[in-house]
There are 4 protein chains.
Amino acid sequence: MTQHRAGPVRSEEARTAILTATGRLMSDRGYEGLTMEGVAQEAGVGKQTIYRWWSSKSALVAECLLEGFILPDHFAVPETGDLRADLTAWLDSLFQLLAEPRGDAILRALIAAAADDAEVGRRLRERLGGGSVIEDRLRRGIDEDDLRPDAPLTEITEALVGAVIIRALSREAVAPGASDRLVRAVIESSEPT
Amino acid sequence: MTQHRAGPVRSEEARTAILTATGRLMSDRGYEGLTMEGVAQEAGVGKQTIYRWWSSKSALVAECLLEGFILPDHFAVPETGDLRADLTAWLDSLFQLLAEPRGDAILRALIAAAADDAEVGRRLRERLGGGSVIEDRLRRGIDEDDLRPDAPLTEITEALVGAVIIRALSREAVAPGASDRLVRAVIESSEPT
Amino acid sequence: MTQHRAGPVRSEEARTAILTATGRLMSDRGYEGLTMEGVAQEAGVGKQTIYRWWSSKSALVAECLLEGFILPDHFAVPETGDLRADLTAWLDSLFQLLAEPRGDAILRALIAAAADDAEVGRRLRERLGGGSVIEDRLRRGIDEDDLRPDAPLTEITEALVGAVIIRALSREAVAPGASDRLVRAVIESSEPT
Amino acid sequence: MTQHRAGPVRSEEARTAILTATGRLMSDRGYEGLTMEGVAQEAGVGKQTIYRWWSSKSALVAECLLEGFILPDHFAVPETGDLRADLTAWLDSLFQLLAEPRGDAILRALIAAAADDAEVGRRLRERLGGGSVIEDRLRRGIDEDDLRPDAPLTEITEALVGAVIIRALSREAVAPGASDRLVRAVIESSEPT
DNA sequence: TTTTAACCGAGACGGTACGTCTTGTCTTATA
DNA sequence: TATAAGACAAGACGTACCGTCTCGGTTAAAA
């Protein structure tokens with residue numbers, strides 16, 4: 001017999017409205033400028049409904065990020081069989097995000113969120129490649145003999161992702177060919193001879 | 001701040017007290033938790049004295065950073081003649097900062113500050129190596145034939161600094177030998193054959 | 001043939017639990033501090049069950065009062081044949097209520113309820129004598145020649161009840177003999193010569 | 001509140017604006033309906049400016065009452081030499097207040113405030129006669145041989161004031177001649193033979 | 001020598017946002 | 001279909017800071 005309880009269930013409508021509003025306000029005003037009151041307003045929701053399910057601003061942003069309400073899903077790493085090309089394409093799509101009017105603001109807002117909330121930090125790293133997507137791609141590179149088996153996957157991943165973060169923080173335009181040079185510098189020494 | 005006289009010239013005493021208080025509160029409470037009111041209190045200073053000389057929290061933090069009230073000066077890159085060893089040592093000193101109780105908090109506070117203020121972003125990048133110290137060292141590496149003349153200095157620098165940032169944001173412990181692996185991965189392909 | 005209808009009927013158990021809880025919370029926390037959620041909790045009842053039968057906090061308190069869940073029933077006016085003694089005894093029992101630890105809180109809570117709800121106001125007046133118990137007793141005093149037929153019953157009643165209210169609001173201790181002096185002052189001029 | 005300069009001394013302008021707003025809102029919405037947020041809005045003042053100087057809603061109302069921002073000053077007891085006439089006139093002015101559209105609301109709001117704040121209770125009693133104005137008038141009545149020296153002043157006062165409170169709470173219209181009957185009933189037995 | 005102008009610590013001001021609490025309505029599942 | 005449980009939108013509560021503006025006092029340079 002299944003244990004049941006009486007009572008209403010969580011409103012998916014409210015949840016979605018809150019995450020959507022958070023995503024929009026995040027890119028409009030940044031992390032510091034994002035207010036719970038503003039989210040409640042924008043979502044047409046009582047503040048208590050937010051606090052019932054998320055304990056803090058950063059928890060809200062973390063889930064938002066995880067569910068793809070902030071960074072679009074197409075930051076997946078392509079897989080064409082050419083490792084260098086795939087990594088370069090992935091970096092390019094991120095650098096392009098930085099070049100867009102609001103793209104850099106969103107990314108910096110996420111960095112700020114990550115800086116004061118461990119959960120967001122971990123999520124951001126996963127989403128931007130660390131620990132999962134990029135590392136997986138590199139692992140398959142080993143399988144296909146594009147990389148040597150002893151390649152330092154973690155360090156390569158962090159070097160790539162970190163470079164994106166640095167660009168976001170320093171607000172400097174990305175020079176043409178940067179993706180290519182970066183991938184080559186980081187990968188080449190791990191390629192089979 | 002000790003009891004003293006006021007006067008129509010800028011009080012160095014007040015300035016120092018403010019920067020010191022900012023540094024302390026930055027590591028205690030992080031960037032978001034840092035308040036102008038708290039700085040004024042801690043420094044024994046009127047709020048207007050802060051606003052008279054700094055336009056915002058981030059301007060204050062930026063100067064604090066520039067003057068070495070936050071990150072100690074000894075993050076200079078060593079120069080022993082062995083490029084790899086120098087870079088590894090420099091990375092190690094940063095990773096060690098991250099391992100210290102408050103070191104990671106300070107660095108994350110700085111990242112948050114950089115994320116919402118362009119000036120802090122630039123300063124942080126300079127201080128952590130980008131654009132100056134690390135790049136200069138690499139350039140001297142070229143002079144001494146430790147690197148090929150066409151080495152992508154900017155990309156190498158950003159990969160190195162970015163990896164540190166990523167570690168700070170993800171709160172993951174640094175594996176032994178990480179500095180070495182990272183330096184090798186990033187440098188090797190640019191070393192003369 | 002008796003008319004029947006389908007479905008459950010109002011739960012007397014719930015009704016009683018609600019009124020009991022209201023009475024207890026009223027004396028614990030006062031009228032302002034009384035919350036519908038608290039009543040539901042204390043009574044083990046859904047909030048809707050309260051709102052289904054009572055339109056507001058004051059309606060709930062009004063019924064509570066009417067049904068004797070707040071002020072005990074023994075505030076009836078005694079009838080020994082001695083009008084002055086009866087009124088004095090009745091006043092004394094009220095002044096004694098005021099002297100008890102929670103008695104004054106309850107009475108003030110009721111006054112607050114009366115102040116913002118007309119229904120509670122009327123009920124309180126009835127219960128404390130106005131319009132019924134005290135006036136009835138006075139009327140019988142006329143019948144028994146303890147009062148002149150033209151005695152201003154309404155005014156006498158209000159003077160007596162009002163004095164109790166004033167004491168409750170001013171939180172001043174009642175001086176010994178106050179009941180007696182008050183009754184005498186208010187009654188004497190209406191006694192037969 | 002008009003646009004002006006602030007400074008490190010308490011702004012009389014702000015204080016007055018707050019008390020005025022409180023008085024107006026008190027009669028518009030009653031004590032329960034009076035909100036600190038509403039007062040701040042109406043007075044053109046930050047909420048903190050209210051909380052800096054008054055600890056609670058009731059403290060605010062208490063001062064409002066004391067300073068005559070709620071009940072007008074002309075509730076002084078007249079003094080024509082004729083005690084009965086003076087008391088009757090005073091009662092009439094209060095009953096007339098009750099008959100006015102907002103008069104009863106204000107008085108009930110004050111009663112509610114008094115019910116949950118001791119300070120307001122004491123102030124209200126003073127203002128409506130208890131302990132000072134009415135009792136003083138009665139004392140002068142003794143001096144002028146209108147009352148016997150042993151007249152129970154406190155009880156007479158409370159009977160008179162209490163009758164007004166009862167009327168306010170019960171929302172019943174005052175019958176013509178009520179003031180006169182009440183004064184006579186309460187006074188007569190204390191008049192010299 | 002006297003202004004006078006800018007500094008100082010302190011802190012009140014009008015505000016915004018916080019996170020909690022309560023209200024009264026609505027929804028779900030149980031009995 | 002009445003119930004207990006409880007999610008919901010709304011909005012008041014009292015607190016913490018924001019950045020601006022005086023206040024009264026000090027002190028160095030200009031008149």
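Letters go in sequence order (proteins before strands), and every chain restarts at 1. Worth saying up front: this structure is predicted, and the values here are computed from it rather than measured.
Between the C/Lys57 side chain and the C/Leu34 main chain, a donor and an acceptor come within less than 3.5 Å of each other. Although no hydrogens or angles enter the test, the distance criterion places no donor-acceptor pair under 3.5 Å between the side chain of C/Arg29 and the main chain of C/Ser27.
Using a 4.5 Å heavy-atom threshold, the side chains of C/Lys47 and C/Glu37 count as touching. Looking only at side-chain heavy atoms (C-beta outward), D/Met36 and D/Leu60 come within less than 4.5 Å of each other. Contact of the B/Ile18 side chain with the B/Phe69 side chain is not registered, since no non-hydrogen atoms from C-beta on lie closer than 4.5 Å. Between A/Glu42 and A/Thr22, every side-chain heavy-atom pair lies at or beyond the 4.5 Å cut-off. In this structure, C/Tyr31 and C/Val61 have side chains that are in contact, with non-hydrogen atoms separated by less than 4.5 Å.
The side chain of A/Thr49 places no N or O atom within less than 4.0 Å of a non-bridging phosphate oxygen (OP1 or OP2) of F/dA7. When the side-chain nitrogen and oxygen atoms of B/Trp53 are compared with OP1 and OP2 of E/dC8, one or more of them lie within a distance under 4.0 Å. Proximity of C/Arg52 to the phosphate of F/dT3: a side-chain N or O atom is located under 4.0 Å from OP1 or OP2. The side chain of A/Ser11 places no N or O atom within less than 4.0 Å of a non-bridging phosphate oxygen (OP1 or OP2) of F/dA7.
A residue-by-residue look at A/Ala40 and B/Val9 shows that A/Ala40 has its nearest nucleotide of DNA chain F further toward the 5' end.
The number of heavy-atom neighbours closer than 6.0 Å to CZ of A/Arg52, taken from other residues, nucleotides and ligands shown, is above 12.
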Full working for side-chain contact (heavy atoms from CB on, under 4.5 Å) between D/Leu110 and D/Met26: CA-CA 8 Å; D/Leu110 281 173; D/Met26 187 85 166; 4.0 Å; yes
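Helix bend of the helix from E/dT1-F/dA31 to E/dA31-F/dT1: the angle between its two end axes, each built from five pairs, comes to 10° after rounding to 10°.
Note: CD (D/Gln41) to P (F/dG11) measures 13 Å, nearest angstrom. When the P atom of F/dC13 is taken as reference, atom CG of D/Leu60 falls 11 Å away, rounded to whole Å. Distance CD (B/Glu42) to P (E/dG9): 14 Å, rounded to an integer number of Å.
With respect to the salt-bridge test (charged N to carboxylate O, under 4.0 angstrom), the residues B/Arg108 and B/Asp104 qualify.
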If you restrict it to nitrogen or oxygen atoms, what contacts under 3.5 Å exist between nucleotides 3-5 of chain E and the protein, and what is each distance?
none

Between the protein and nucleotides 22-25 of chain E, are there any N/O to N/O pairs under 3.5 Å, and if so, what are the atom names and distances?
residue : atom : partner : partner atom : Å
E/dT23  : OP1  : C/Met36 : N            : 3.3
E/dT23  : OP2  : C/Met36 : N            : 3.0
E/dT23  : OP2  : C/Glu37 : N            : 3.4
E/dG24  : OP2  : C/Tyr51 : OH           : 2.9
E/dG24  : N7   : C/Lys47 : NZ           : 3.2
E/dG24  : O6   : C/Lys47 : NZ           : 2.7

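Comparing E/dC13, E/dC8, F/dT3 by their closest approach to the side chain of D/Arg10 singles out E/dC13. Looking at the side chain of C/Val45, the nearest of the listed nucleotides F/dA4, E/dC8, E/dC13 is F/dA4.
Geometrically, B/Arg15 does not engage B/Trp53 in a cation-pi contact defined by less than 6.0 Å to the ring centre and at most 45° from the axis.
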